[in-house]
Amino acid sequence: MRLTMDMENLVSLCRRRGFIFQSSEIYGGINGFWDYGPLGVELKKNIKDAWWQDMVRNPPPGPDGREISMVGVDCSIIMNPKVWEASGHVGGFSDPMVACKSEGCKKLFRADKVFAVDLSPAKPGDRGVMIGVEANSEAEAQMQAIDVAKKLKKKHSSDANSAVAMSLSSLVSSAAGIEAVPCPNCQQKSLTAPRAFNLMFESHAGAIQTDENKVYLRPETAQGIFANFKNVLDSTRLKLPFGIAQIGKAFRNEINPRNYTFRSREFEQMEIEFFCHPSESKQWYEFWRDLRKQWYTRLGIKSDRLRPREQGKEELAHYSVGTTDIEYLFPFSAEPQELEGVAHRGDYDLTQHAKHSGKDMHYFDEDGWNVWIQANKASLGGDKKKEAEAKEKFRCLPHVIEPSAGADRFTLAVLCEAYAEDEIGGEKRTVMRFHPRLAPIKAAILPLVNRDGMPEKAHALYRELKSEFNVFYDDKGAVGRRYRRQDEAGTPFGITIDGDTLKDNTVTLRDRDTTQQVRVPMASVAEEIRKRMRG
RNA sequence: GCGGGUGUAGCUCAAUGGUAGAGCACCUGCCUUCCAAGCAGGCUACGAGGGUUCGAUUCCCUUCACCCGCUCCA
């Protein structure tokens with residue numbers, strides 16, 4: 001209950017102060033889409049900039065102490081539809097679903113996980129029974145069917161081995177049809193035919209809609225990176241290992257929007273595909289997993305609400321060797337929710353694109369080859385065949401480590417983490433305790449009163465600072481009120497020009513979290529803000 | 001996608017089958033020398049569409065959005 005209240009207060013503040021609005025609100029809104037207002041766009045931009053700076057332009061040294069090679073791309077949202085065949089988004093894992101039509105059930109199942117198990121009578125006089133179950137395999141379905149039958153207290157075969165499990169797809173194509181399959185939940189024979197889920201948003205490239213020009217809005221930014229793997233390699237002189245990063249919008253049609261901006265149909269990803277030699281993939285996986293967790297902590301997620309969680313084997317996508325979800329315990333949920341997944345994807349993606357495009361995606365280790373051939377040239381004796389064989393050893397299909405972060409999800413986590421209520425001199429206060437680096441406004445410039453030359457001094461300082469920082473000038477009303485307004489916007493510093501400023505050119509610098517003030521010379525305000533933003 | 005709940009001003013909440021009201025916030029002025037002070041004035045609302053009715057914010061239907069649960073999902 002308490003948690004929900006916190007969330008409501010936060011949502012209210014985000015709207016009131018211009019962090020987040022519902023999309024198309026004047027028309028009643030639209031489910032699953034959100035707009036960032038003036039403060040929100042600054043916050044999110046600071047987050048994306050911090051990510052780009054810390055991951056692409058200035059990543060820390062790698063596990064071996066050497067510099068990491070990182071570059072970026074910015075790919076189109078609409079790509080050749082074959083990309084999505086290769087990735088598996090078309091046809092592959094857009095699993096058909098079946099729903100139960102009976103009143104009071106209405107459950108939804110993945111069609112490939114529904115089985116009908118025929119339990120034949122154990123002895124004459126018993127009735128055979130058909131049981132619907134949800135299971136991962138036919139064997140598992142048989143075992144489950146026995147249990148279900150027992151619970152239903154129906155006469156059934158006691159011999160599990162006599163049970164025959166049939167997949168839903170085999171029944172649908174048979175004469176019996178879907179009508180023969182009992183619902184795994186209520187056992188009524190009232191399932192709908194399997195329906196494909198609309199995983200991706202569809203559109204058409206060109207003025208006329210035909211099946212030939214159907215295109216999709218990308219459901220992830222990753223595939224643009226894989227599709228450009230050869231281009232990047234050929235245009236940059238990069239050598240393995242290296243990473244390609246991208247920030248961009250992605251769209252998913254099948255999800256059910258929920259929990260404010262957390263689950264939206266349009267969202268922004270910050271993704272890295274890090275390519276490395278298969279033999280080094282494990283250490284790079286661990287490196288990125290740890291680095292990414294530290295990044296969140298460094299940007300102010302200091303509470304124990306941040307939790308990395310290694311995915312269990314049964315959760316893993318079929319191609320993934322290992323995946324760690326970095327999760328945050330949002331106020332709206334009892335369970336931590338995923339901010340980022342760091343996945344070891346093996347060579348799955350490059351293999352898929354090599355297969356579907358017909359292009360070779362192998363990497364050739366020229367450095368290693370040059371060293372080897374120098375040392376072994378003599379022993380080869382000019383044998384071209386042997387040389388070609390040796391060369392093969394320096395070719396590999398790189399493995400991929402994918403740290404994939406949600407920009408909107410992290411923005412929401414930052415908002416949740418920052419939200420605080422406290423008391424200043426007996427007065428209640430709402431304050432957003434953003435890390436100074438992420439705060440939408442870095443400092444407020446405030447003349448204490450509007451006379452005696454204070455506005456002029458304040459405005460001059462404002463002009464100076466705004467060339468470097470997003471600062472806000474406010475001369476309206478009592479200074480205490482202005483401080484509180486900035487507290488709600490999460491502005492870390494308040495700079496006030498008072499009577500003393502006129503005499504000695506010093507100003508007061510107020511800390512948002514403690515409300516403590518120190519006097520600093522006007523000339524060193526910029527450096528002071530710079531220093532505190534790093535801290 | 002299914003079931004339940006909610007919808008009045010920027011926010012919190014009233015009232016009403018017959019001109020919708022308050023507090024806070026916001027804006028303008030005056031006054032103000034450090035944490036939402038005071039005075040005067042001002043702006044702003046019945047989610048949308050349809051029906052019943054002389055008249056609907058109120059009753060009915062549809063729809064949209066949000067919240068909770070299931071399902072799905074990054």
Side-chain angles (χ1 to χ4, degrees), chain A residues 1 4 7-9 11-13 15-18 21-33 93 95 97-110 134 185 192 195 197-199 219-222 250-260 262-265 267-271 317 323 325-327 332-333 337-341 343 402 404-410 423-431 446-452 454 476-488 494-502 507-508 510 512 515-517 519:
Chain A
M1 192 46 127
T4 311
M7 201 62 205
E8 277 173 21
N9 290 340
V11 170
S12 165
L13 180 141
R15 168 171 170 59
R16 191 174 61 220
R17 298 311 308 260
F21 305 124
Q22 200 180 6
S23 172
S24 331
E25 195 189 88
I26 60 168
Y27 292 104
I30 177 168
N31 195 357
F33 299 89
F93 50 78
D95 305 299
M97 308 289 287
V98 292
C100 179
K101 285 179 288 195
S102 72
E103 284 302 319
C105 180
K106 303 281 186 187
K107 290 266 191 275
L108 198 64
F109 307 93
R110 265 176 62 170
E134 195 175 8
N185 183 54
T192 62
R195 291 174 297 193
F197 254 49
N198 248 347
L199 196 72
E220 60 179 32
T221 55
F251 305 82
R252 296 187 80 111
N253 219 347
E254 90 286 15
I255 58 101
N256 212 264
R258 220 21 101 76
N259 291 328
Y260 204 26
F262 185 79
R263 248 176 246 186
S264 304
R265 293 204 164 114
F267 55 99
E268 197 154 21
Q269 294 184 302
M270 306 186 290
E271 289 200 302
T323 296
D325 286 343
I326 298 171
E327 300 182 323
F332 53 71
S333 156
Q337 304 287 324
E338 181 179 349
L339 292 181
E340 167 160 355
E402 178 190 78
S404 171
D408 305 277
R409 287 183 168 189
F410 183 45
E423 275 191 17
I424 302 294
E427 291 281 345
K428 267 200 160 173
R429 171 178 82 143
T430 302
V431 54
L446 315 165
L448 189 57
V449 286
N450 277 312
R451 57 170 206 228
D452 302 339
M454 289 181 210
K476 292 283 191 287
V479 74
R481 178 182 294 265
R482 284 178 269 163
Y483 286 143
R484 297 300 175 83
R485 273 198 283 250
Q486 292 304 318
D487 289 339
E488 279 201 344
I495 295 156
T496 305
I497 285 73
D498 60 11
D500 289 352
T501 311
L502 306 170
V507 296
T508 63
R510 170 188 183 265
R512 173 196 63 203
T515 74
Q516 296 298 303
Q517 290 177 295
R519 281 209 90 81

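Letters A, B, ... are given to chains in the order of the sequence lines, protein chains preceding strands, and every chain is numbered from 1.
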Say we look at B:rC54 and B:rC61: how far apart would their C1' atoms be, to the nearest angstrom? 22 Å
Ion pair A:Arg519/A:Asp498, N-O distance below 4.0 Å: yes
Under-3.5 Å N/O pairs linking protein and nucleotides 38-44 of chain B:
none

If I pick the C1' atom on B:rU53 and the same atom on B:rC59, what distance separates them, to the nearest angstrom? 10 Å
Considering Watson-Crick and G-U wobble pairs with both distances under 3.5 Å, what does B:rA22 pair with? B:rU12
Anything under 3.5 Å between a protein N or O and an N or O of nucleotides 6-8 of chain B, put it in a table, one pair a line.
none

Between A:Asp487 and A:Arg510, does any side-chain N to carboxylate O distance fall below 4.0 Å? yes
Can you tell me if A:Arg451 touches the phosphate of B:rU32, counting only side-chain N or O atoms and a distance under 4.0 Å to OP1 or OP2? yes
Between A:Asn259 and A:Gly406, the residue closer to the 5' end of RNA chain B by nearest nucleotide is A:Asn259
Nearest-angstrom distance, P atom, B:rA9 to B:rG4: 26 Å
Below the 4.0 Å mark, does B:rC35 have OP1 or OP2 next to a side-chain nitrogen or oxygen of A:Arg482? no
Determine whether a donor-acceptor pair (one donor, one acceptor, N or O, separation below 3.5 Å) exists between the side chain of A:Thr508 and the base of B:rC34. yes
Pair partner, B:rG69 [Watson-Crick or wobble, under 3.5 Å]: B:rC2
Measure from the ring center of A:Phe332 to the ring center of A:Phe262 and say whether it is less than 6.0 Å. yes
Measure from the ring centre of A:Phe267 to the centre of the six-membered ring in the base of B:rA74, then say whether that distance is under 5.5 Å and the planes meet at under 30°. yes
Less than 4.0 Å between a side-chain N and a carboxylate O, is that true for A:Lys428 and A:Glu423? no
Taking atom C1' in both B:rG38 and B:rG55, compute the distance separating them and give it to the nearest angstrom. 46 Å
Who does B:rG38 pair with, Watson-Crick or G-U, both distances under 3.5 Å? B:rC30
Charged N to carboxylate O below 4.0 Å: is that the case for A:Glu488 and A:Arg16? yes
Work out how far the C1' atom of B:rG21 is from that of B:rU16, and round it to whole angstrom. 11 Å
Between the protein and nucleotides 60-64 of chain B, list every N/O to N/O distance that falls short of 3.5 Å.
unit_1: B:rC64; atom_1: O2'; unit_2: A:Gly28; atom_2: O; d: 3.3

By the Watson-Crick or G-U definition, both distances under 3.5 Å, B:rG55 is matched with none
